[in-house]
Amino acid sequence: MLNLDLLRREPDHVRVAARRRGIGAEFVDRILELDRERRAAITGVEALKAEKNVLTAQISRAADKKAAAAELRPQIAELDASIAAAGERLPVLEQQIDAELAEIPNILDGSVPDGSDEHANVLVRSWGEPPAFDFEPRPHWEIGERLGILDFERAARLSGARFTVLRGAGARLSRALVGFFLDRAARNGYVEIDPPVLVTRSTMWSTGQLTKFADQMYVVEGDAPDEALYLIPTAEVPLTALHRDEILSGDGLPLRYTAHTPCFRKEAGAAGRDTRGLIRQHQFEKVELVWLTMPERSFDDLETLVSNATGLYEQLGIAYRVMLLCAGDTGFNSAKTYDIEIWLPGANTYREASSCSNCTDFQARRTSIRLRRDATAKPEFVHTLNGSGGAIGRTLAAILENYQRADGGLTVPEVLRPFAGFSAIEPDGSTR
RNA sequence: GGAGAGAUGGCGGAGCGGUUGAACGCGGCGGUCUUGAAAACCGCUGGCCCUUCACGGGGCUCGUGGGUUCGAAUCCCACUCUCUCCUCCA
């Protein structure tokens, strides 16, 4: 959520930022007008309340309180009526302002390039070479099905489209990836968290997933309508909201968290895209990395976060490139986002494996996470960052495609072997 | 699911319906003392909002939302959460 104060002080700045994202900016004047009305109403109500408080204090100081109360009661009743009348529109105005404000995306950082869609994203750097094969590399679903480690058919029977059953060495390899990712996160100083994957509506709202992305979310019914719980689409949600409504001490920052969780997404609007394989699933696993940090260093921290994520793919020996997302492609919460895309030989293309964002104070304001630099300082909002420190499914797909052998078997990347307990999968699905 | 207890400031812990935004202790900050530190002593020490160039002024806030009252942290109702016991359970 944007700071109302920013709209008041620099409306043009907000207008420009909105246009860069390709959305209209009429909301600025609409909100400012509502805000003017709101403040006028507050001033009116509070003046009346102050008057009333004077009378009430008079009674409490009087020797004969009963008599004083009796005397002043008519005046107070009159004030009560005025207060009620003056404040009548206030809740409505506040609700309108909050509702409008909550739908505005974050202000983009100056370094974000112009552009309306992914074609305008900028290549920042790339690492590694796509491997050369002396045979036609297969897509991962073919490799996985041949080896008997990926089973899409039975998954469909259980749950429908966009689910996968991992079997034997496949399940094992997936678990190895989890271990590897969490291990590297710990080495990089992240504290491992095992959070709930069902969260309340207000938690989901606080990290900016609602109300804009409600159609992407699975909801679990509660006993009452307002007791519904949401399945997290990413561990960014519980990790970012972990310190909700807290004031953190400045010397404790940055806080860095990691979590391995399942993630659930409806993928509405993605019909027909990536229908095969592990790329786009309703349920997938991910290791997430989240920072709560000081405002002045958050953009430097974003670079660190990106290198934490890219380091994983260097160690796995998978070629990748880092893209800086353009204005139109940058997410709602984010001021600046880098995508890390890894090479998939079977698809002959790079695919997103991690999206690293600096959400500045946008989520912190919604979630109310603040910091106090020292004992006398005023609280200020922290900056939050998030990115995946390992997408399990997509990385598994990349490993299958990059490390496939001509005979249909698979070589396990060196760094994964201690976690997997084997170094290769043979064409018959056995491990070695 | 059944029975009880409780939710107060960074922490602990008071609080007859009327200068209680909240005693007291701890912690934190500033100062005196000291070569320095500790101890001792003195002072300050929640958050949000409106208003003001500023100094300041004002409103709200004792789990949340309602109610009673001229006035509520204190009384009433509902909800949420925590703890103890029983029951059940991965």
Side-chain angles (χ1 to χ4, degrees), chain A residues 1-9 31-98 101-102 194-206 220 222-230 238 241-253 255 261-262 292 361 364-382:
Chain A
M1 189 158 64
L2 292 190
N3 187 355
L4 224 194
D5 221 38
L6 181 68
L7 261 82
R8 297 204 275 241
R9 286 195 326 265
I31 292 174
L32 287 178
E33 180 50 34
L34 288 167
D35 181 48
R36 266 188 292 276
E37 279 186 61
R38 177 179 137 270
R39 285 190 290 168
I42 288 174
T43 308
V45 170
E46 290 190 351
L48 291 166
K49 279 187 177 172
E51 257 186 77
K52 175 180 170 174
N53 287 345
V54 169
L55 298 183
T56 311
Q58 252 175 53
I59 296 174
S60 60
R61 264 186 272 104
D64 186 346
K65 294 186 172 63
K66 277 214 161 64
E71 192 190 327
L72 293 172
R73 198 169 294 140
Q75 273 189 68
I76 288 173
E78 208 173 303
L79 280 171
D80 278 337
S82 309
I83 289 167
E88 201 174 11
R89 264 180 52 74
L90 205 48
V92 182
L93 289 167
E94 277 167 352
Q95 216 181 322
Q96 282 178 347
I97 292 169
D98 285 347
L101 216 48
D194 188 352
V197 299
L198 284 168
V199 301
T200 60
R201 184 180 171 79
S202 69
T203 297
M204 208 55 105
W205 186 90
S206 77
V220 178
D223 291 333
D226 60 341
E227 283 173 13
L229 291 171
Y230 290 72
L242 196 61
H243 290 282
R244 207 176 145 177
D245 297 324
E246 291 184 31
I247 299 177
L248 308 165
S249 76
D251 52 21
L253 295 182
L255 286 170
T261 65
L292 306 182
D361 61 358
R365 187 170 294 106
R366 287 173 86 114
T367 303
S368 188
I369 305 173
R370 290 172 294 174
L371 77 100
R372 199 195 296 277
R373 287 174 193 270
D374 59 71
T376 52
K378 279 276 160 199
E380 55 191 301
F381 289 108
V382 302

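Protein chains get the first letters and strands the later ones, always in sequence-line order, with residue 1 at the start of each.
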Length of the CZ-P vector between A/Arg365 and B/C48, whole Å: 12 Å
Listed partners of A/Lys49 passing salt bridge (Lys or Arg N to Asp or Glu O under 4.0 Å), at least two apart: none
What is the distance from atom CG of A/Asp361 to atom CG of A/Leu371, rounded to the nearest 0.5 Å? 11.0 Å
Is A/Arg73 close enough to B/G71 that one of its side-chain N or O atoms is under 4.0 Å from OP1 or OP2 there? no
Do A/Leu7 and A/Asp35 touch side chain to side chain, with heavy atoms closer than 4.5 Å? no
Which of the following nucleotides, B/C50, B/C70, B/G18, is nearest to the side chain of A/Thr43? B/C50
Between protein and nucleic acid, restricted to nucleotides 57-59 of chain B and to nitrogen or oxygen atoms under 3.5 Å apart, what atom pairs and distances do you find?
from	atom 1	to	atom 2	distance (Å)
B/G58	N2	A/Glu46	OE1	2.9
B/G59	OP1	A/Asn53	ND2	2.8

Cut-off 3.5 Å, no hydrogens considered: what does the side-chain donor-acceptor table look like for residues 243-250 of chain A, sequence neighbours left out?
from	atom 1	to	atom 2	distance (Å)
A/His243	ND1	A/Glu246	OE1	3.0
A/His243	NE2	A/Tyr257	OH	2.6
A/Arg244	NH1	A/Ser202	OG	3.4
A/Arg244	NH1	A/Thr203	OG1	3.0
A/Arg244	NH2	A/Ser202	OG	3.0
A/Ser249	OG	A/Asp251	OD1	2.8

Distance below 4.0 Å between A/Arg38 side-chain N/O and B/C50 OP1 or OP2: yes
Nearest to the side chain of A/Lys52, which nucleotide is it out of B/G47, B/C70, B/U51? B/C70
Going by number, which of residues 83-94 of chain A have a non-hydrogen atom under 4.0 Å from RNA chain B? none
Only one of A/Glu46, A/Glu51, A/Lys52 passes side-chain contact (heavy atoms from CB on, under 4.5 Å) with A/Ile83, and that residue is A/Lys52
Nearest to the A/Ile59 side chain among B/C48, B/G18, B/C50, which nucleotide is it? B/G18
Within the 4.0 Å heavy-atom criterion, would you say A/Arg8 contacts the bases, only the backbone, or no part of the nucleic acid? sugar-phosphate
Could you provide the dot-bracket string of RNA chain B, using ( ) for intrastrand pairs, [ ] for crossing pairs and | for bases paired to another strand, with Watson-Crick or G-U pairs below 3.5 Å? ((((((((.[[[..)..(.....]]]((((((.......)))))).(((((....)))))..[[[[[..)....]]]]])))))))....
Footprint string (nucleotides 8-17 of chain B, 5' to 3'): B base within contact, S backbone only, - free, heavy atoms under 4.0 Å: ----------
Whole angstrom is fine here: how far is it from CG in A/Asp5 over to P in B/C48? 13 Å
